Amino acid sequence: MNSELRSAVDFRRSMLIVRRCGGRLSARFDRLSIFVGLVLVVAISVVAALSLASGKYPIALADVFSALFGRGDEKVRMIVVEWRLPRVALAFTLGAALAISGAIFQSLTRNPLGSPDIIGFSAGSYTGSLVVILLLSGGYYETAAGAVAGGVVTAVAVYLLAYRQGIHGFRLIVVGIGVAAMLSAVNAWMIREADFELALGAAIWGAGSLNGLGFEQLMPVTIALCLLFPLALLFGRPLRQLEMGEDAARATGVNANRARLLLMVVGVSLTATVTAAAGPIPFIALSAPQIAQRLTRSAGVTLIPSALMGGLLLLAADWGAQNAFNVQLPVGVMTVSIGGFYFIWLLVGEGRR
């Protein structure tokens, strides 16, 4: 075999290095990250199976798998494939999108508090949605467009307000928190002044909910995320170099300002996509990258383990919102309850450091 086409695998202590084309192309994989990723995939599969089987109409796991492969009772196939499967798929993909967005902003700010729901981008997307719902009486797709526009406008405002001969992570967080506070006040005022029925619907949607979502919402979300996920992975290397500081990144050939701006666009787009589909879902973007980082023991946040952790957290939160109580709750209520404890733990840990 031609040596140019050969591939070699080099096992080191904690790294797996794959070389191709005579060593001119190489990829490095952390063996602990691979193991953690496999464990997360197994956990995601278990929670997804439980979600498909659980509900007001419990279904045996054997019947669930039969329905997924097109066999079994027609009623069971309708419940599993048409009703529950889109919700499970949305929970995983939206959780992964939030986690990647959180990982991007935590890397850019070099701060575990630098997630889009803390620095105002989620609040901006919600503001855009409220404008469409309450003032323009728009439908689902108009509301989705409003969420994207609100997130982008908020990101531009935060970026310009925080820009002082470059972007400093701490300044971006402080400015973002202030913008988020102002937008939250505006959102509360709009809901208070709106018609009761519109205000009630906007408030329920604003809690972050997967109730009533199906294939109609899954397809546009999947298309958007199929474009954004590869872009996030493509910018993974500049993201890691920016974690070392602007000078170090420039020394390796990275245009720091351009890379940071493009990464912010990708991160905001991911957050806006989630908000457009299900409303603002808090704390997944904050917690998932940090939990994944601690499990993989990596020096910085990593995108793929973060995405898997975010998908698992939102799947588990949605299963709890549906089955832990006698009524279905918005998934955002569950993530707030869980994330509040994590937020306290994170603040205490940062204070000690």
Side-chain angles (χ1 to χ4, degrees), residues 34-100 140 204-205 207-226 229 273-274 276-279 281 283-284 287-288 291-292 295 304-335 337-339:
I34 294 174
F35 174 75
V36 170
L38 292 175
V39 172
L40 290 175
V41 169
V42 172
I44 288 167
S45 302
V46 171
V47 177
L50 287 175
S51 298
L52 292 174
S54 305
K56 290 184 178 180
Y57 187 84
I59 300 174
L61 286 177
D63 294 334
V64 168
F65 290 115
S66 297
L68 291 175
F69 288 102
R71 300 190 298 269
D73 183 72
E74 184 67 28
K75 181 180 179 181
V76 172
R77 286 205 304 271
M78 180 182 67
I79 294 173
V80 172
V81 177
E82 296 183 19
W83 294 357
R84 295 179 182 173
L85 183 60
R87 180 167 182 151
V88 168
L90 277 168
F92 173 74
T93 53
L94 296 181
L98 287 172
I100 291 179
Y140 175 79
I204 293 174
W205 184 82
S209 176
L210 300 177
N211 297 337
L213 300 185
F215 281 111
E216 182 182 356
Q217 292 78 29
L218 177 62
M219 292 308 297
V221 168
T222 302
I223 293 172
L225 296 184
C226 283
F229 281 170
T273 300
V274 175
I281 300 176
F283 286 107
I284 298 294
S287 58
I291 296 174
L295 290 177
I304 294 179
S306 297
L308 293 174
M309 178 58 67
L312 175 60
L313 288 178
L314 192 54
L315 267 173
D318 187 51
W319 181 85
Q322 293 184 78
N323 299 285
F325 305 96
N326 293 328
V327 295
Q328 284 195 3
L329 296 174
V331 68
V333 175
M334 189 64 66
T335 59
S337 302
I338 298 172

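Fair warning: this is a prediction, and the values are worked out from it, not measured in the lab. Residue numbers start at 1 and run along the sequence shown.
- When the shell of 6.0 Å around CZ of Phe35 is examined, it contains 12 or fewer heavy atoms from other residues, nucleotides or ligands.
- Every residue meeting the side chain to side chain contact (heavy atoms under 4.5 Å, CB included) condition with Phe229, not counting sequence neighbours, appears here in chain and number order: Ala96, Ala97, Ile100, Leu225, Leu270.
- Of all non-hydrogen atoms in Gly208 and Ile281, the two that sit nearest each other are CA-CG1, 4.0 Å.
- Considering every non-hydrogen atom in both Gly310 and Ala99, the closest pair reads CA-CB, 3.7 Å.
- Between atom CZ of residue Phe215 and atom CG of residue Leu85 there is a gap of 5.0 Å, rounded to the nearest 0.5 Å.
- Under the salt bridge (charged side-chain N to carboxylate O under 4.0 Å, His left out) criterion, the residue pairs touching residues 305-323 are Arg87-Asp318, with sequence neighbours excluded.
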Table please: side-chain donor-acceptor pairs of residues 52-65 below 3.5 Å, with sequence neighbours left out.
residue	atom	partner	partner atom	Å
Ser54	OG	Leu50	O	2.6
Ser54	OG	Trp319	NE1	3.2

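- Results of the side-chain contact (heavy atoms from CB on, under 4.5 Å) test with Leu94 over Leu314, Val331, Leu315 single out Leu314 as the only residue that passes.
- Side chain of Gln217 to backbone of Gly214: a donor-acceptor contact under 3.5 angstrom is found.
- Scanning both residues, Gly95 and Ile284, for their nearest heavy atoms gives O-CG2, 3.8 Å.
- Shown here is Ile304, whose CD1 atom has no more than 12 heavy atoms of other residues, nucleotides or ligands within 6.0 Å.
- Between Ala321 and Pro330, the shortest heavy-atom contact is CB-O, 4.3 Å.
- For Leu40, the side chain to side chain contact (heavy atoms under 4.5 Å, CB included) partners two or more places apart in sequence, or in a different chain, are Val36, Leu308, Met309, Leu312.
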task: Could you walk me through whether Leu313 and Ile291 pass side chain to side chain contact (heavy atoms under 4.5 Å, CB included), step by step?
output: CA-CA 10 Å; Leu313 288 178; Ile291 296 174; 4.3 Å; yes

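- Partners of Met219 under the side chain to side chain contact (heavy atoms under 4.5 Å, CB included) rule, at least two apart in sequence or in another chain, do not exist in this structure.
- For Ser45, the side chain to side chain contact (heavy atoms under 4.5 Å, CB included) partners two or more places apart in sequence, or in a different chain, are Val41.
- Nearest heavy atoms, Val81 versus Ala67: CG2-O, 3.6 Å.
- The two residues Pro86 and Leu218 have their closest heavy-atom pair at CA-CD2, 4.2 Å.
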